[in-house]
Amino acid sequence: AQRVTQPEKLLSVFKGAPVELKCNYSYSGSPELFWYVQYSRQRLQLLLRHISRESIKGFTADLNKGETSFHLKKPFAQEEDSAMYYCALREAPGGYNKLIFGAGTRLAVHP
Amino acid sequence: DTEVTQTPKHLVMGMTNKKSLKCEQHMGHRAMYWYKQKAKKPPELMFVYSYEKLSINESVPSRFSPECPNSSLLNLHLHALQPEDSALYLCASSQDLSGQREQYFGPGTRLTVT
């Protein structure tokens, strides 16, 4: 079965510190991975996708097929980064756009 | 309009009630989704509609009945629910089912079954 593992339920850092939210996956095919974020009292929204290789709000994530990881990183955390972060794997049976979410990591950035 | 809207925001229903959750988008998206999210858990896919046809049913009990009356609307009809069905129900849409299409999520309906 395809799985997404986020080992940390909570990650607590101080403002300005580097952040790394871990995500590991198991998938028999070619993976497509995403990071979704949910700020307090806001809806779930896409942060970034691996295929774009982009940096959004200072966050980057590199797909490492050897380690089956897609860790989310930011060099200097800001208080407004505090949120729930979900790593997600796209499964495409028959071409369908099905997302499998990890359990999520809550990032708390303290002043 | 780049939002997915859901009504109602909150719903309390008894186990014998019949109710419906509604979802709407006006982004021209042709794929729509229902997810269930229990407290402190990630969203779990329930149904996927593509071009108003049911594409995926993730073995959801028949007391949940989805309906897609047109390309902008998605309903979830509820009947004879159990207390364990209490959760946040999220609707999402995407342009279609292909490629790395972003899924746009609604704010959810928080359902409590008493």
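In the text below, chain A, chain B and the rest are named by the order of the sequence lines, each starting its count at 1.
For the pair B:I56 and A:K98, the tightest heavy-atom approach, listed with the atom from each and the gap, is CD1-CB, 4.4 Å. A:G102 and B:P42 get closest at one heavy-atom pair: O-CB, 2.9 Å. Contact detail for B:V4 and A:R43: the closest heavy-atom pair is O-NH1, 2.7 Å.
Under a cut-off of 6.0 angstrom, the local environment of NZ in B:K41 is sparse, with at most 12 non-hydrogen atoms contributed by other residues, nucleotides or ligands. Within 6.0 Å of atom CZ in B:R110, 12 or fewer heavy atoms from other residues, nucleotides or ligands are found, so the atom counts as exposed in its surroundings.
Between the OH atom in A:Y86 and the CD atom in B:Q37 there is a gap of 4.5 Å [rounded to 0.5 Å]. Between the CD atom of B:E102 and the CG atom of A:L99 there is a distance of 10.5 Å, given to the nearest 0.5 Å. One finds the CZ atom of B:R101 at 11.5 Å from the CD atom of A:E32 (value rounded to the nearest 0.5 Å).
Under the 4.5 Å side-chain heavy-atom criterion for ILVMFWY residues, no single connected hydrophobic cluster contains both A:L11 and A:F14. Under the 4.5 Å side-chain heavy-atom criterion for Ile, Leu, Val, Met, Phe, Trp and Tyr, A:L107 and A:W35 are members of the same hydrophobic cluster. Using a 4.5 Å cut-off between side-chain heavy atoms of Ile, Leu, Val, Met, Phe, Trp and Tyr, with links allowed through other members, B:V48 and B:M32 fall into different hydrophobic clusters. With hydrophobic clusters built from ILVMFWY side chains whose heavy atoms lie under 4.5 angstrom apart, B:L74 shares a cluster with B:M46. Each of B:V60 and B:L88 belongs to its own hydrophobic cluster when Ile, Leu, Val, Met, Phe, Trp and Tyr are linked at side-chain heavy-atom distances under 4.5 angstrom.
Residue B:E44 does not touch chain A at all, counting heavy-atom pairs closer than 4.5 Å.
When side chains are defined from C-beta on, B:P43 does not count as touching A:Y36, because their heavy atoms never get closer than 4.5 Å.
Among the candidates B:Y35, B:F105, B:Y33, the residue making the largest number of heavy-atom pairs closer than 4.5 Å to chain A is B:F105.
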